[in-house]
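Worksheet: one structure, shown below.
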2 protein chains.
Amino acid sequence: MTPRTGLDLQTILEAAAKIADEQGMDNVTLAILSKKLGIRSPSLYNHVDGLNGLRQKLAEYGLTKLYDTLIKAVIGKSGDDAVFTLGEAYVHFARRHPGLYEATFHAPDPADTDLQQAGQEIVDLVVRVLEPFDLDQDSAVHAVRGLRSICHGFASLEQKGGFGIPLDVDTSFRMLLETFVAGLHELKRLSNKK
Amino acid sequence: MTPRTGLDLQTILEAAAKIADEQGMDNVTLAILSKKLGIRSPSLYNHVDGLNGLRQKLAEYGLTKLYDTLIKAVIGKSGDDAVFTLGEAYVHFARRHPGLYEATFHAPDPADTDLQQAGQEIVDLVVRVLEPFDLDQDSAVHAVRGLRSICHGFASLEQKGGFGIPLDVDTSFRMLLETFVAGLHELKRLSNKK
DNA sequence: ATTTATAAACTAATAACGTTAGTTTTATAT
DNA sequence: ATATAAAACTAACGTTATTAGTTTATAAAT
């Protein structure tokens with residue numbers, strides 16, 4: 001004896017992501033979402049644990065979509081080139097999916113296991129991209145944090161309209177990545193000297 | 001004939017900043033704020049244009065406090081040292097005032113003149129800190145964007161609990177700044193070669 | 001074909017919030 | 001003492017999220 005088939009989580013998350021991208025994360029409400037789906041807002045509780053539950057799932061959904069984008073981008077690339085490609089795919093994702101990207105950081109429970117794991121997959125990917133740089137274990141962790149900070153910081157500031165001056169932002173980001181990569185090589189050279 | 005003297009904006013913003021820091025930006029509501037101030041929520045409209053107006057003012061307040069912190073930190077410093085000091089003061093501010101720092105990015109109208117000016121002061125400060133690196137005009141703008149991205153990205157990720165692994169975060173950030181500075185020197189060396 | 005179990009979707013109701021309108025209060029300058 | 005202007009108030013409304021309880025539809029079992 002099985003129940004009737006209604007909405008599924010995937011449909012709900014896609015609709016929520018669309019609202020986030022088009023109207024901003026603030027407008028991802030149960031009221032607006034349910035209207036878009038053609039149901040009443042209490043019905044959403046059959047699929048998601050309230051607004052917080054929706055935000056949690058949406059954050060996870062966003063991270064896995066980001067991961068899919070990144071891994072497709074770096075296939076067949078290595079070394080400096082892979083770093084540039086990874087970075088550019090990251091900010092490109094944030095531009096294409098501003099709301100979903102924002103949702104990634106709006107999880108009510110950042111310590112949730114599923115969410116952590118989705119984030120860890122991205123970290124592991126960045127670790128692999130940085131492997132050719134021959135960093136020791138600790139330095140590798142530091143470098144991953146660095147590259148994530150660069151990508152997220154740039155994407156976030158760009159989204160918030162932080163770059164007022166009319167100077168090409170792609171060039172800015174490319175130069176930032178080049179500076180980072182050059183710095184990695186340089187620090188490695190210095191440590192090899194000893 | 002002057003009116004009675006009630007609350008002033010400064011008091012309101014300080015209370016709002018405290019709520020933001022202690023309970024998160026989501027709890028900066030007119031209801032909670034007015035309760036903390038011992039007045040009814042509609043009375044806040046005498047000082048601030050609703051919740052959006054409060055958020056706008058709070059963002060501006062946060063930027064000026066950040067600017068004050070940064071400028072005090074870099075006084076008497078120059079070159080690489082000034083960059084390290086600036087960056088560390090930045091993330092230190094974000095740690096001490098997590099909610100107020102977050103508020104900085106939650107202005108309903110990012111294009112507002114007063115807010116833009118508050119942000120521009122910080123940009124100008126970073127420009128001056130990077131002057132010793134002898135960058136041409138465009139490169140200087142790119143470098144400022146880069147350093148801002150690094151600082152904001154790191155602060156933001158740290159705040160969101162993005163760094164799971166138990167490896168010292170201060171070391172991570174220091175190394176990121178060192179990588180950036182080394183990269184700047186290296187790129188400069190390369191461009192001088194021609 | 002009929003029955004039945006199950007979950008999806010519903011209605012109704014409540015509490016909290018932001019906001020507006022209109023009234024009262026109170027400190028100060030005359 | 002009095003008039004004024006703004007601060008603070010009460011009352012009310014619309015919108016949310018949320019809970020409780022009811023109805024409905026569908027897939028499987030008879």
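Note that the coordinates shown come from a computational prediction; the quantities given were computed from them, not determined experimentally. Letters A, B, ... are given to chains in the order of the sequence lines, protein chains preceding strands, and every chain is numbered from 1.
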What is the distance, to the nearest angstrom, from the CG atom on B:Leu37 to the P atom on D:dA7? 14 Å
Does A:Ser43 make a side-chain N or O approach to OP1 or OP2 of C:dA8 shorter than 4.0 Å? no
Taking only the side-chain heavy atoms of B:Ile39 (C-beta and beyond), determine which of D:dA8, C:dC10, D:dT10 contains the nearest atom. D:dA8
Compute both the distance and the angle, then confirm whether B:Arg174 meets the cation-pi test with B:Phe84: under 6.0 Å from the six-membered ring centre, within 45 degrees of the axis. yes
Does any part of the side chain of B:Phe180, heavy atoms only, come nearer than 4.5 Å to the side chain of A:Leu176, both counted from C-beta? yes
Check if the side chain of A:Asn46 and the base of C:dA9 share a donor-acceptor pair of N or O atoms closer than 3.5 Å. yes
A:Thr11 and A:Asp8: side chain donor to acceptor below 3.5 Å: yes
Rounding to a whole Å, what distance do you find between B:Asp8:CG and D:dA8:C1'? 15 Å
So if I take every side-chain heavy atom of A:His47 and compare against D:dC9, C:dA9, D:dA17, which nucleotide ends up nearest? C:dA9
B:Leu44 atom CG is separated from C:dT20 atom P, nearest whole Å, by 13 Å
Atom CZ of B:Arg40 and atom P of C:dT25 are separated, to the nearest Å, by 15 Å
Selected nucleotide, minimal atom distance to B:Leu7 side chain, candidates C:dT19, D:dT18, D:dA8: D:dA8
Check the side chains of B:Glu14 and B:Gln10 for a donor-acceptor pair under 3.5 angstrom, ignoring hydrogens and angles. yes
With respect to the side chain of A:Leu30, which nucleotide from D:dA17, C:dT19, C:dA9 is positioned closest? D:dA17
Rounded to whole Å, please give me the gap between CG in B:Leu51 and C1' in C:dC17. 10 Å
Here the distance between atom C1' of C:dC17 and atom CG of B:Asp26, to the nearest Å, is 14 Å
Distance in angstrom units between B:Ile19 CD1 and C:dC17 P, rounded: 12 Å
Can you tell me which nucleotide in C:dA9, C:dG18, D:dT19 comes closest to the side chain of B:Tyr45? C:dG18
Just how far, in rounded Å, is C1' of C:dC17 from NZ of B:Lys35? 11 Å
Measuring only between side-chain heavy atoms, which start at C-beta, is B:Leu66 closer than 4.5 Å to B:Thr104? no
